[in-house]
Amino acid sequence: MSIKKILASAVAACLLQLFALAGPAHAQATRTWVSGVGDDVNPCSRTAPCKTFAGAISKTATGGEINTLDPGAFGAVTITKSITIRSDHMQAGVLATLGSNGININAPSAKVILDGLDIEGASTGGTGIRVLSALDVIVKNCDIRNFTTGISVNTTAQARVTVDRSMIGGNVDGITITSTPGFGHVKLFNSLLINNTSSGVSVSGANNDVFIHNNQILGSTKSLNITSGGLVRSFGTNIIPTGDAPTSTTPLL
């Protein structure tokens, strides 16, 4: 074999090896991990976790899941794709102060799940969870405290937001729905909205609606604030001592 052919074969072998090594480094994982002692330069694997949700989300595939390995403060994050962020039985903190938001969701047609998060505004934060666009958002087992608004739904396309087994307290407004009329739909189950000074749930805009069941909405000037054709449908047991009456009520049989 000629020297040229030998060199060409050697170069080709080196290039193949380089491509093989480079491929996985740029791949996004279906499941990633964060840890209080992680580092965002890591690949976010279980043995080399990232430090923040923002660091992990770019390394997580669309439709994938970010999990927490241990308690920690994992920072604010902007979500632009379908994803699950889940913390199971440990504190997963998101701290947002000085007018900033905890979690921004701007993900048209996406499905987003937030499970087990502790979102703190330190009395200066803007919005705990701000939904600008998404198809489905599920918020469960979350605490959202000390923001101007706990959860804001302000979309220009159809969006469904479900809140279950969560505590939203110490905000000015607990949940606000101000989407383009008819595009904002919220379901609120089994939750405590406490000491949100202005309103517990505020809905504005024709046919934007909130479906409530088994909630306590206490300590607000108005437990429910319904304006401009918004709708609140109450099903079963809710404690709503102040503000507007639900637009429809269906008791448990």
Side-chain angles (χ1 to χ4, degrees), residues 34 51-58 66 72-81 83 85 87 91-108 110 112-134 136-157 159-163 166-180 183-186 188 191-205 208 210 217 219-225 227-228 230:
V34 293
K51 175 76 171 177
T52 68
F53 290 142
I57 198 167
S58 63
I66 301 172
F74 302 114
V77 63
T78 294
I79 295 172
T80 59
K81 59 188 175 184
I83 202 162
I85 300 178
S87 180
Q91 186 174 16
V94 174
L95 177 63
T97 60
L98 299 176
S100 61
N101 301 326
I103 297 176
N104 293 299
I105 301 174
N106 193 359
V112 175
I113 299 174
L114 305 173
D115 185 5
L117 305 184
D118 181 30
I119 306 172
E120 172 63 55
S123 298
T124 61
T127 301
I129 300 172
R130 186 183 185 201
V131 183
L132 290 172
S133 66
D136 281 296
V137 176
I138 296 175
V139 178
K140 63 178 183 176
N141 304 315
C142 290
D143 285 357
I144 306 168
R145 303 183 303 276
N146 301 320
F147 288 90
T148 300
T149 306
I151 299 176
S152 167
V153 182
N154 183 14
T155 64
T156 57
R160 299 184 294 266
V161 178
T162 300
V163 180
S166 293
M167 193 282 286
I168 303 171
N171 309 287
V172 177
D173 294 295
I175 300 174
T176 65
I177 303 95
T178 55
S179 295
T180 299
F183 287 168
H185 311 287
V186 173
L188 178 64
S191 294
L192 172 63
L193 280 69
I194 183 96
N195 295 337
N196 299 291
T197 54
S198 179
S199 67
V201 176
S202 179
V203 55
S204 179
N208 288 336
V210 184
I217 309 175
S220 302
T221 300
K222 300 185 78 170
S223 296
L224 299 179
N225 182 29
T227 60
S228 303

Between Asn104 and Leu132, is any pair of side-chain heavy atoms under 4.5 Å apart?
-> no
Closest heavy-atom contact between Cys142 and Gly116?
-> SG-N, 3.8 Å
With a 4.5 Å limit on heavy-atom distance, are the side chains of Ile83 and Phe53 in contact?
-> no
For Arg130, does the CZ atom sit with more than 12 other heavy atoms under 6.0 Å from it, leaving out its own atoms?
-> no
Measure the shortest side-chain to side-chain distance between Val203 and Val186 over non-hydrogen atoms and say whether it is less than 4.5 angstrom.
-> no
Scanning both residues in full, the closest heavy-atom pair of Val112 with Lys81 reads CG2-O, 3.9 Å
Give a yes or no on whether the backbone of Asn196 and the side-chain of Ser220 come within a donor-acceptor separation of less than 3.5 Å.
-> yes
Under 3.5 Å, is there a donor-acceptor pair between the Thr80 and Asn106 side chains?
-> no
Verdict with supporting geometry, Ser199 and Asp173, side-chain hydrogen bond (donor to acceptor under 3.5 Å, both in side chains) = CA-CA 5 Å; Ser199 67; Asp173 294 295; 2.5 Å; yes
Between Asn171 and Phe147, is there a donor-acceptor pair closer than 3.5 Å when you use the side chain of the first and the backbone of the second?
-> yes
Can you find a heavy atom in the side chain of Leu117 that is under 4.5 Å from one in the side chain of Phe74?
-> no
What do the steps show when you test Ser202 against Thr176 for side-chain hydrogen bond (donor to acceptor under 3.5 Å, both in side chains), and what is the final call?
-> CA-CA 5 Å; Ser202 179; Thr176 65; over 6 Å; no
So do the side chains of Val94 and Val77 get within less than 4.5 Å of each other, counting heavy atoms only?
-> no
Between the side chains of Ser191 and Ser166, does any donor sit under 3.5 Å from an acceptor?
-> no
